[in-house]
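Chain naming here is simple, since letters A, B, ... match the order of the sequence lines and numbering starts at 1 in each.
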Amino acid sequence: MFEILRKEEFSEHITLLEIKAEEIAKKARPGNFFILRINEQGERIPLTIADFDRERGTITTIFQKVGKTTHHLGTLKEGDSISDIIGPLGNHSHIENFGTVICVGGGVGIAPVYPIARALKQAGNKVVSIIGARTRSLLFWEEKMREVSDSLIITTDDGSYGIKGVVTTPLDEILRKERINLVFAIGPVIMMKFVCKTTERYNVKTIVSLNPIMIDGTGMCGGCRVEVGGETKFACVDGPEFDGHEVNFDLLMKRLQMYIPEESIAMNRARRQ
Amino acid sequence: MEARIEDRKTKPRVKMREQAPEVRIRNFSEVPYGYTPDEAVEEASRCLACKRPPCKDGCPVEVDISGFIRLVREGKFLEACYRVKEKNALPAVCGRVCPQETQCEARCLLGKKGEPIAIGNLERFVADYEAERGEIKIPEIPRSTGRRVAIIGSGPAGLTCAADLARSGHQVTIFEAFHMPGGVLIYGIPEFRLPKVIVEREVEYIKRLGVEIVLNAVIGKLYTIDELMNEHGYDACFICIGAGLPMFLGIPGENLNGVYSANEFLTRVNLMKAYLFPEYDTPIKRGKKIAVVGGGNVAMDAARVALRLGAEKVYLIYRRTEAEMPARKAEIHHAHEEGIEFVLLTNPVRFIDDGNGNVCAVECIKMELGEPDESGRRRPIPIEGSEFQIEIDTAIVAIGTRANPLLTKTLPDLKLNRNGYIITEEGTGMTSKRGVFAGGDIVTGSATVILAMGAGRRAARAINEYFKWKYWEFNGAGP
């Protein structure tokens, strides 16, 4: 059992959990994810590791309540326990001094971008971060992101905070003015797709982190198949990070929709109970 | 005396009663009911009690088959079970899933004139009898040797090796990546062929031998083998992680929604209990028209699971003929009985999109058999222009697995063959790395439960030898 030590609710939909998982915290690196199963009836879902604290022996995750499992997870309180946590999984981010790097985080994607930005900064990069959300209440970790970035740009779709619009607007502006060596982009699939379309025009390599449906996270089920450069890859063991210019985002979006009817059955049942 | 032997030779095998096909395709309960004590004694009485029984040579774990059958004949069922357990820690599992027809039963002299003795059925009977009576005997464990062994994977190889090592007095820890122990016995083999309570019972027995099982531990990620040996104080490791990566056909449309690997389909149903959705949270597509591709036990399991999830039509597409199918005879027979439609000498060439990213048909090509290939089976060759389509809403690809590199890539000094399987010394499981042994599917490629158990047994023996002599010389054959 894995105890929840701290819970923060950023908004109605976005929650942070800091979970005691000493052994995983020791090994976690930026870019890794983990899989959890809340209880005996639970499904296994992958979540990204937003932060880890080796001293406290904890991992932190930030998630959006989108389906039954994430809603259930959001009802857990400090002191409650999660039955199973498996990790760290996936390849960690490749960090070195690239020069100038733009880190783009959209929605809950801000969470996994944070440790990557921090590591890039520590490696000597100039880090320019762009974080965006639909509206101000869905933004979080502005200060933390500012601490690890040379400059930070904020966008909201509705203009309630920062620049009105999507992350690609300031991204395009920077790319036009400055020589950028690498872009990291994590967020909704549609955001990653358009970030890649933007950076492609400037021929700037872009790393994205994919989050398909998975069961085991160790390569054994093949459920997380993604198409990269025309080849089928398993996001859990070959990724989760890939060269975004090679990724078939449309296929990923389709595959993420596979269980929408079942998800609504499960949600309705959970509401009745 | 002669007359009696003749009599035994001609007497038919006692059939095991089963759920009727039309009933069982609507439930996940076990198909055969098992023998009653009378039936077991009757079947055991057919045994010729050979002086030098050949059946034992057909058993990868060397069970004293004629010895336990004699005890069954005498009505000493518990003693019979203990006799089996001297060599086989998982008799209730093996009685159900071993391919006896190509192993012990293939050697039985009765088989020359009639049907061989039903060794698997009897093994299952004694194991179930012991469990029902609640008289599980725990053998005496010798004083601790102080040696510690880490076993990576809790499938049949790992459980067998753990039991043997615990009985030698070593301290054994099994590391399992999933949240439940049992490996393929839990995620792969369906409930109706191997009830999960039986696996749990066998795992409980292993734990009572003093074996510790650490769940949710992905070795290669959480710890490396070097860390286990150098920092966690293990004196030896046995790697038995299975073959883990599902193979796909590599044809267009394979990533459409509704196309599963057999591993994923079976794991959702067996391990995650998707057949109980929405009581359990893991969903699965309950297709109406399903194509399963492959001819092995896994293909049969997937086809029969699909039927039980409510499919109206299940096609089993295989590129050779039924004679070349690697599945157990009993599974092929059960699949036929349950109404699975075998589409033989046929190979899929592409999956077709319904326009919304879901599979709606599979296009196949007819095959004919040519010259034998390296497996000794006749090679299937496509017949040009014979393409045709089958309308489906779900497809399950069950054409085998390949080596999972997750662990091995963290061990650069471990020698692998060109397909990524670990090279070991025949008979011991020794690898190119001192103190590290390997066995099961990660060495042989996809095989059977009992072969993995045999590898676990041999590794345990070799680990004991290693502790005694501390000698390491690797004689593994090259790739």
Original post:
What option among B:L215, B:N356, B:N358, B:T401 has the most heavy-atom pairs under 4.5 Å with chain A?
Top reply: B:N356

Which region of [X], side chain (C-beta onward) or backbone (N, CA, C, O), has a non-hydrogen atom less than 4.5 Å from a non-hydrogen atom of chain A, or is it both or neither?
X: B:I284; result: backbone
X: B:V259; result: both
X: B:K273; result: side chain
X: B:L266; result: neither

Gap separating the [atom1] atom of [X] from the [atom2] atom of [Y], nearest 0.5 angstrom:
X: A:I35; Y: B:H179; atom1: CD1; atom2: NE2; answer: 11.0 Å
X: A:I215; Y: B:N263; atom1: CD1; atom2: CG; answer: 9.5 Å
X: B:I219; Y: A:T218; atom1: CD1; atom2: OG1; answer: 12.0 Å
X: B:M180; Y: A:D84; atom1: CE; atom2: CG; answer: 10.5 Å

**OP:** Please state whether the rings of A:F234 and B:F248 are parallel, tilted or perpendicular, taking 30° and 60° as the class boundaries.
**Re:**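 The arrangement is perpendicular - the two ring planes meet at more than 60°.
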
**OP:** Look only at the side chain of A:R225 and the backbone of B:E254, and say whether a donor-acceptor pair between them is shorter than 3.5 Å.
**Re:**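 Yes, because the side chain of A:R225 sits within donor-acceptor range (under 3.5 Å) of the backbone of B:E254.
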
Original post:
Would a distance-only check, ignoring hydrogens and angles, find a side-chain to backbone donor-acceptor pair under 3.5 Å from B:S261 to A:G222?
Top reply: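 Between the backbone of A:G222 and the side chain of B:S261 there is no qualifying donor-acceptor contact (under 3.5 Å).
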
With a sphere of 6.0 Å drawn around [atom1] of [X], does it hold more than 12 non-hydrogen atoms of other residues, nucleotides or ligands?
X: B:K196; atom1: NZ; answer: yes
X: A:K65; atom1: NZ; answer: yes
X: B:K409; atom1: NZ; answer: yes
X: A:R29; atom1: CZ; answer: no

Using a 4.5 angstrom heavy-atom cutoff, name the option from [options] with the most pairs to chain B.
options: A:I85, A:N32, A:V226; value: A:I85
options: A:E231, A:E23, A:R44; value: A:R44
options: A:C236, A:G42, A:A28, A:P261; value: A:G42

What is the minimum heavy-atom distance between [X] and [Y], and which atoms define it?
X: A:E262; Y: B:F277; result: O-CZ, 3.3 Å
X: A:M220; Y: B:P246; result: O-CD, 3.3 Å
X: A:C221; Y: B:E264; result: O-CB, 3.3 Å
X: A:S83; Y: B:N216; result: O-ND2, 4.4 Å

Please classify the contact of [X] with chain B as side chain, backbone, both or neither, using a heavy-atom distance under 4.5 Å.
X: A:D238; value: neither
X: A:I38; value: neither
X: A:L252; value: neither
X: A:R255; value: both
X: A:L251; value: side chain

Any [X] side-chain heavy atom under 4.5 Å of [Y] side chain:
X: B:V218; Y: A:L89; answer: yes
X: A:P88; Y: B:L222; answer: yes
X: A:D216; Y: B:Y187; answer: no
X: B:K221; Y: A:K27; answer: no

Original post:
Does the side chain of B:N255 pick up a donor-acceptor pair with the side chain of A:T232 at under 3.5 Å?
Top reply: yes

Original post:
Between B:Y280 and A:E40, does any side-chain donor sit less than 3.5 Å from a side-chain acceptor?
Top reply: yes

**OP:** Give me the one residue out of A:E43, A:E263, A:R269 that meets side chain to side chain contact (heavy atoms under 4.5 Å, CB included) with B:D281.
**Re:** A:E43

